[in-house]
Protein chains: 2
Amino acid sequence: MFSKATEYALRATIHIAKNSSENNKLGLAVIAAAIDSPQSFTAKILQLLTRNNKVISSVRGPNGGFYITKKARKLPVRAILEAMHEDKVLEKCVLGLAECSESQPCPMHSQYKQIKHQLINLFENKTIEYLAEEMTEGITFINNKSKKIKVKIEKPGAKKS
Amino acid sequence: MFSKATEYALRATIHIAKNSSENNKLGLAVIAAAIDSPQSFTAKILQLLTRNNKVISSVRGPNGGFYITKKARKLPVRAILEAMHEDKVLEKCVLGLAECSESQPCPMHSQYKQIKHQLINLFENKTIEYLAEEMTEGITFINNKSKKIKVKIEKPGAKKS
DNA sequence: ATAATTAAGGACAAAAATATCCTTAATTAT
DNA sequence: ATAATTAAGGATATTTTTGTCCTTAATTAT
Ligand code: SF4
Ligand code: SF4
């Protein structure tokens with residue numbers, strides 16, 4: 001659905017929203033490790049998100065890093081897609097037609113349009129903050145590592161299954 | 001959502017389903033023109049759809065071309081995605097996690113899973129035939145040309161319509 | 001002031017997706 | 001049989017996406 005770049009952008013932003021504040025910034029290395037993404041590529045993406053004071057903010061130097069402002073937390077998730085210039089996928093025709101309209105609908109239109117509207121609503125109505133809270137609830141994940149597998153030697157009995 | 005290749009595959013298959021039969025095959029040039037796609041690239045895609053008697057069929061030589069069997073018409077639209085090896089996008093995590101599960105959900109899971117299921121249902125329950133019929137209803141489009149601007153001079157009577 | 005730290009940004013590399021071209025194989029019409 | 005037609009398929013080119021590396025700029029700690 002989204003490009004790798006946008007997936008990383010979503011994960012990074014959510015992680016920053018959950019784990020940072022103006023006086024507790026996160027460095028690139030920490031973020032990339034947390035969301036399981038290639039570091040240098042992630043740097044580019046964080047730059048995009050930061051440009052023009054968009055979704056996240058940054059400061060250089062010791063104790064510098066990335067963080068998100070109170071205000072930015074209230075942005076719809078769609079703002080992340082916009083920063084990545086990938087927000088039009090939400091409106092895009094599944095058949096790839098140049099535009100979607102009631103007057104020139106594709107054969108999937110009548111079936112797909114409702115799904116499309118739900119998608120758009122999701123990305124426009126839910127805020128970055130909301131997703132971070134979903135994480136705080138404790139049981140959602142943002143990387144591919146099973147939990148945090150530092151259990152090592154397992155004693156018989158206490159299995160996570 | 002889908003790659004260009006898959007978009008062309010969807011459009012091509014729908015067009016073939018609407019306009020062909022075993023004794024009225026469509027040539028590459030006709031198909032590519034009808035769905036507004038690059039001809040040579042479309043050839044590759046039609047090959048993929050044809051391989052192993054998958055979604056569409058073909059014969060070479062004069063009066064040859066592509067067509068779709070009665071049986072293939074009944075296939076779910078998902079079969080097209082499968083032939084293009086792009087069916088997993090339906091199940092894919094919007095955040096790009098390796099897998100989606102209730103036990104390891106991403107922060108968008110609770111909001112997105114319903115949309116996802118509708119998407120999967122759409123592609124699994126609707127058949128290729130159904131989409132072709134949507135077209136036959138008369139008012140859906142499969143290319144970017146406004147209507148069919150080749151009105152030119154029409155002889156009344158025996159055209160292949 | 002100097003050195004250390006950290007993001008910004010340019011240049012480049014690798015891989016994947018998109019697209020074209022040409023030759024070959026199958027089929028049909030003559 | 002021969003020639004014409006049409007898809008199959010290989011090779012190659014172009015563009016986009018993904019990714020790395022290195023230098024520069026900003027900031028802070030000492
Ligand atoms: S709604 Fe139908 S027409 Fe409009 S874009 Fe989606 S699919 Fe194409
Ligand atoms: S449902 Fe939630 S977890 Fe499962 S994939 Fe979609 S987004 Fe990720």
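Lettering of chains follows the sequences in order, A, B, ..., and the numbering in each one begins at 1. None of these values were measured; they are calculated from a predicted model. Atom set for the values below is all heavy atoms of this structure, side chains included, hydrogens, waters and symmetry mates excluded.
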| query | Is A:Ala43 touching bases, backbone alone, or none of the nucleic acid, heavy atoms closer than 4.0 Å? | reply | nothing
| A:Pro62, nearest nucleotide to its side chain (from C:dT5, C:dT20, C:dA8) | C:dT5
| field | A:Lys113/A:Glu102 ion pair, N-O < 4.0 Å | value | yes
| Can you check the B:Gln39 CD to D:dA7 C1' distance for me, whole Å? | 12 Å
| message | Pairing check on C:dG10: which nucleotide meets the Watson-Crick or G-U wobble criteria with it, both distances under 3.5 Å? | response | D:dC21
| task | Identify whether the distance between the nearest side-chain nitrogen and carboxylate oxygen of A:Lys70 and A:Glu129 falls below 4.0 Å. | result | no
| field | Listed nucleotide nearest any side-chain atom of A:Asn63, set D:dA29, C:dA8, C:dT18 | value | D:dA29
| Given DNA chain D, 5'-ward residue of the pair A:Phe2 and A:Gly64, judged by closest heavy atom | A:Phe2
| remark: B:Ile56 atom CD1 is separated from D:dA8 atom P, nearest whole Å, by 8 Å
| query | How close or far is atom C1' of D:dT20 from atom CG of A:Leu46, stated in whole angstroms? | reply | 16 Å
| request: Compare the minimum distances between each of D:dT18, C:dA7, C:dA19 and the side chain of A:Ser58, then state the nucleotide with the smallest one. | output: C:dA7
| said: Which nucleotide wins on minimum distance to the side chain of B:Arg60, given the candidates D:dA8, D:dA25, C:dG9? | reply: D:dA8
| message | Let's see if you can work this out: which of D:dT28, C:dT18, D:dA7 has an atom nearest to the side-chain heavy atoms of B:Ala5? | response | C:dT18
| query | Where is the tightest heavy-atom contact between A:Ala34 and A:His15, given as atom of each residue plus distance? | reply | CB-NE2, 3.2 Å
| query | With B:Phe123, which of B:Leu119, B:Asn121, B:Asn125 fulfils side-chain contact (heavy atoms from CB on, under 4.5 Å)? | reply | B:Leu119
| remark: When rounded to whole Å, the CG to P distance for the pair A:Leu28 and D:dA25 reads 20 Å
| message | Using a heavy-atom cut-off of 4.0 Å across all strands, would you classify A:Ser40 as base, sugar-phosphate, or nothing? | response | base
| task | Hunt down the Watson-Crick or G-U wobble partner of D:dT14, both distances under 3.5 Å, from any strand shown, or write none. | result | C:dA17
| query | Would you say a side-chain N or O of A:Arg51 is under 4.0 Å from OP1 or OP2 of C:dG9? | reply | yes
| message | Expressed as a whole number of angstroms, how long is the span from B:Glu86:CD to C:dA16:C1'? | response | 13 Å
| said: Whole angstroms only, please: what is the CD-P distance between B:Gln47 and C:dA19? | reply: 16 Å
| request: Compare side-chain N and O positions of A:Tyr8 against OP1 and OP2 of D:dT18 and report whether any pair is under 4.0 Å apart. | output: no
| said: We want to know whether B:Glu134 and B:Thr140 form a side-chain donor-acceptor pair, criterion being a heavy-atom distance below 3.5 angstrom. | reply: no
| Of A:Ser3 and B:Gly61, whose nearest nucleotide on DNA chain D comes first from the 5' end? | B:Gly61
| query | So, are B:Lys116 and B:Glu91 salt-bridged, with charged N and O less than 4.0 Å apart? | reply | no
| task | Give the nucleotide from the list D:dA8, C:dG9, D:dG9 with an atom nearest to the side chain of B:Lys44. | result | D:dG9
| message | Under a 3.5 Å cut-off for both contacts, is C:dA1 paired Watson-Crick or G-U wobble with anything, and if yes, with which nucleotide? | response | D:dT30
| request: Could you state the atom-to-atom distance from CZ of A:Phe41 to P of C:dA8 in whole Å? | output: 16 Å
| request: Select base, sugar-phosphate, or nothing to describe what B:Ile31 touches, counting heavy atoms under 4.0 Å on all strands. | output: nothing
| task | Rounded to the nearest angstrom, tell me the gap between atom CD1 in B:Ile45 and atom C1' in D:dG9. | result | 15 Å
